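Below is one structure, written out as C-alpha cells, with a few remarks after it.
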Protein chains: 2
Amino acid sequence: MGVTIKDIAALCGVSPGTVDRALNHRPGISEKTKARILQVAEQMNYQPDHMARSLAKGRTMTIGVVLFDLYNRSFSQLMNSIEAASRQQGYFVDLVLTNKDPENEKKCIEHLLLRKVDGIIIFAINQGEAFNDYLKSLSIPVVTICNYVSDDWSYIGIDDREAMKEAVRYICGKQYERFIYVCPPLAYRGKTNIYTQEERLAGCLEGLKESGIEAQPTVITDKDYIGSISRMDFGSGTKTAIICSCDIYALEVMNHLKGRGLRIPDDVGLMGFDNIDVLKYVSPALTTVEYAVEEFGSRAVQCVIEQIEQGTRTLVPRLPYQVITGDST
Amino acid sequence: MGVTIKDIAALCGVSPGTVDRALNHRPGISEKTKARILQVAEQMNYQPDHMARSLAKGRTMTIGVVLFDLYNRSFSQLMNSIEAASRQQGYFVDLVLTNKDPENEKKCIEHLLLRKVDGIIIFAINQGEAFNDYLKSLSIPVVTICNYVSDDWSYIGIDDREAMKEAVRYICGKQYERFIYVCPPLAYRGKTNIYTQEERLAGCLEGLKESGIEAQPTVITDKDYIGSISRMDFGSGTKTAIICSCDIYALEVMNHLKGRGLRIPDDVGLMGFDNIDVLKYVSPALTTVEYAVEEFGSRAVQCVIEQIEQGTRTLVPRLPYQVITGDST
DNA sequence: CTGAAAGCGCTAACAC
DNA sequence: GTGTTAGCGCTTTCAG
C-alpha cells in the first residue's frame, strides 16, 4: 500500500542502498543524486516503514511507561507531559497500568518487552534486590519516577522527606498539641514499594522533633483510616492536627470531619500533600505541598532518551517543591 | 539476543516452517513433532518477535487512542479501561493527546499511522466531511467515542440529549423562573467537533420546552464564562438555575457563587453533567448526570478489535445514564 | 560515489 | 506432514 524505498530507487534509476543514504543523510553520496532522490521521495510522499526499520535496526523508538493507574490526578498530569515530550522527540509511548499489583507490574513489563521498547519509565510498585536484578536483566535503560528502586536507575522526584519536614515545621507553629499522621500505604511495608511514603513519614517525624514536639504522632495505616479516625475524639481541648501523606486522604478525612460537624481548622487542623488540582474546588483551602509533576514527565523522557541515544546518564537533581499554606491548619 | 524460531528449528532438527506451524497451532503438522517443538520452545523460553511478525503479517496488534488530554477525569477513567481491555486481549495501546487542537489531532493521527496501528479509537476534535474522508482514507477501523463524526464509524456514548432533557425536567420541578446554560465550547461551533455539547444544549432546550417554560435560557458561551456570570444579578427575587454542560464548569461557577456569598441552592440553583469523581469532596452535592465511562472504554476496545479481526461491525447501543439528584438544585 | 547482497525474525505459498 | 523459498521494507557491509 505504501510507497517503499524500492519504488523510489526504481524511479530514480538507483539502488535501494543509495536511496537509504539520501534519506538518512548518510555520507557517501553525491549532492546531486541525493537532491534528486529527496525530491522524488517528497513528491511520492514517502513515509518510512517504522516496523521494517525497527526490525533492521533493533530499535523501536518506543518508550514504555509503567504507572499505577490514571485515577490519581498527578498520574494523569505526568502522563500528559510524557506523551507530549515523547512525541515531540519522535518517540512512541507504550502505556501499561499496574493497578498497584506487583504481579501485574511484571506482566506489564513483559508486555513492554514483547514490544521491544527502547527504554522504560516506571513508577514502581515492586522493590528490593530481586526486582532490581530483574530490571537489570532487561538490559535497556530504565528511569524510575516517584518511587525509588536503587541507584542503578535515574530517579525523578522531589525530596519528599525535606518537603514534608518543612510543611510539618510550618504546622508546628500553630499550637497543635496532638498529631495524627494518615498513610494507609505504610501497611504494605516490605510488600510493595512505598519509598515515597516512607520518606514523607520520616520527614514528618523529623519535622516534629525539630520543632520540639516530644509526643510521637499517632500513625494511622489502616486501609479503613476513616473508620479509625471516626473512633477518635476531637472535642476535648487538646488541639489536633491530622497530617495526611496525600491530598486524597486529606479530602476523605475532610469529608468525614465535616460530616461530624467539626470545624477545620478550629476543631481539627488538616494537611495534605501533592496539591492536586481539584483542591481549588474544596474549602477550606487545604494546606499542602506543591511540585511541578509535569516536569517529572519531561525530565523522565529526556533522561531515558539520553540513555537510549547517547548511552550516558546525567544525574537529575531532586526537583523543587513548595509548601502551600492554606486555611485548613 | 533472543532465541529465534531458527534456533528451535535447529535444535529440533526441523525447518523453521514447521516450528511456525507448531507455535501458531496451524494445521499440517503431526501431534508428535508439534508437542516436541512446543516443549523445546517452552524450555528455551522462546518469545516471538513482535516486530518481525508485524512486518510479515502486516498487522501490529496495536490500537491507537486519540484523546484530548488526560486532565479531565473522565478521560483518565476512559484510558484506564482502554488500557486494561486492550492488554487483556493481547493488544498494545498507542496513546496520543491532541490538546483539543484540530491541527495537532492530525499530527497525532499521522503519528499513529507511522506506527501502523491496526485500528483507532478517537475522541475527535475535528469534524465534517473532509475529516470524515480523511478517516476513510486511513482504511483501518475507527471507533468514535464521546464525539460523533458520522455513521461511517461506530460510536460509543450515551444519548446526551435525552440525558440532559431528563435532568432539566427534574430541575424544572423546582420552581425556577430564570435559566442560564453554561457551555463555553459552543463558541467553537463550526470550528471544532462539539457534537456532544450541541446535543446537551438541545436536550436542555427541549427539556425546558416540555416543562412548559416559555422563556429561552441565557446561553453563555464565553470562554470567560465566570466573568459573564459575575456581571449577573441573582439577588432580585427571580429564582435562577444555572445549568452547566459539564461538572467542571459547574464547579468553577460554584466557587464563584460562594465567593459572592450566594447560597446554593437557596439563592441560585446549580447543575453539572458527568458526575466526575471529585464531586464527592464538594458541597453542596451537585445535581448531575452519571454514566459508566469505564464501559465506554471496554466497549470501544471490543468494537475496534471486532472490526480488525472479523471485519464486522456490531452496532453499539447508546449506553445507560442516570440523573443524580444532589443538593445544589 | 554507487550497486549488490545479506540479513533482521517471522510468515505463507508451493513443492516434495 | 515437512522442507524450501521468497518475501515484509529497511539497513549495512562489502565490492567495485
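A note on names: the letters A, B, ... follow the listed sequences, proteins ahead of strands, and every chain is numbered from 1. Model, not experiment: these values are computed from the prediction.
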Query raised in the report: Using a cut-off of less than 4.0 Å, is there contact between a side-chain N or O of B/S30 and OP1 or OP2 of D/dG1?
Result: no
Query raised in the report: For A/I5 and C/dG3, what is the distance between atoms CD1 and P respectively, to the nearest whole Å?
Result: 13 Å
Query raised in the report: Whole Å only: how far is the CD atom of B/E31 from the P atom of D/dG1?
Result: 9 Å
Report task. Mind calculating the distance between CG (B/L114) and C1' (D/dG9) to the nearest angstrom? Result -> 14 Å
Query raised in the report: Taking atom C1' of D/dG1 as reference, at what distance in whole Å does atom NE2 of B/H25 sit?
Result: 18 Å
Query raised in the report: Across the strands shown, which category fits B/T33 at heavy-atom distances under 4.0 angstrom: base, sugar-phosphate, nothing?
Result: sugar-phosphate
Query raised in the report: Should the pair A/F75 and A/F123 be assigned to parallel (<30°), tilted (30 to 60°) or perpendicular (>60°) ring geometry?
Result: perpendicular
Query raised in the report: Out of C/dT11, D/dC10, C/dG9, which nucleotide sits closest to the side chain of A/L55?
Result: C/dG9
Report task. State whether a side-chain donor-acceptor pair under 3.5 Å links B/R299 with B/S154. Result -> no
Report summary line: Taking C/dC14, D/dG9, C/dC8 as options, the one with an atom nearest any side-chain atom of B/R21 is C/dC14
Query raised in the report: Looking only at side-chain N and O atoms, does A/T4 come under 4.0 Å of OP1 or OP2 in D/dG9?
Result: no
Requested in this report: Using whole Å, report how far NZ of B/K6 lies from C1' of C/dG7.
Outcome: 8 Å
Query raised in the report: From the list C/dC10, C/dT2, D/dT2, which nucleotide is the closest neighbour of the side chain of A/T18?
Result: C/dT2
Query raised in the report: So, B/T196 and B/N147: side-chain donor and acceptor under 3.5 Å apart, yes or no?
Result: yes
Query raised in the report: So, is A/R53 near the phosphate of D/dG9, with a side-chain N or O under 4.0 Å from OP1 or OP2?
Result: no
Query - Residue pair B/Y195, B/V149: steps toward the side chain to side chain contact (heavy atoms under 4.5 Å, CB included) verdict - result: CA-CA 8 Å; B/Y195 170 83; B/V149 174; over 6 Å; no
Query raised in the report: In whole Å, what is the span from the CZ atom of B/R115 to the P atom of D/dG9?
Result: 18 Å
Query raised in the report: When we call it a touch if two heavy atoms are under 4.0 Å apart, what does A/P27 touch: a base, just sugar-phosphate, or nothing?
Result: nothing
Query raised in the report: Just checking A/R26: base, sugar-phosphate only, or nothing, at a heavy-atom cut-off of under 4.0 Å?
Result: base
Query raised in the report: Atom CZ of A/R59 and atom P of D/dC10: how far apart are they, to the nearest Å?
Result: 17 Å
Query raised in the report: What is the nucleic acid contact for A/D49, judged by heavy atoms within less than 4.0 Å: base, sugar-phosphate only, or nothing?
Result: sugar-phosphate
Report summary line: Of D/dT4, D/dG3, C/dC10, the nucleotide closest to the side chain of B/V14 is D/dG3
Query raised in the report: According to a strict under-4.0 Å criterion, is A/S15 in side-chain N/O contact with OP1 or OP2 of C/dA4?
Result: no
Query raised in the report: Looking just at side-chain N and O atoms, do B/R115 and A/T62 make a donor-acceptor pair shorter than 3.5 Å?
Result: yes
**Report entry** A/E306 versus A/T312, side-chain donor and acceptor atoms under 3.5 Å
**Finding:** yes
Query raised in the report: To the nearest Å, how far apart are B/K32 NZ and D/dG1 P?
Result: 12 Å
Report task. Could you check which of D/dG3, C/dT11, D/dT11 has an atom nearest any side-chain atom of A/A56? Result -> D/dT11
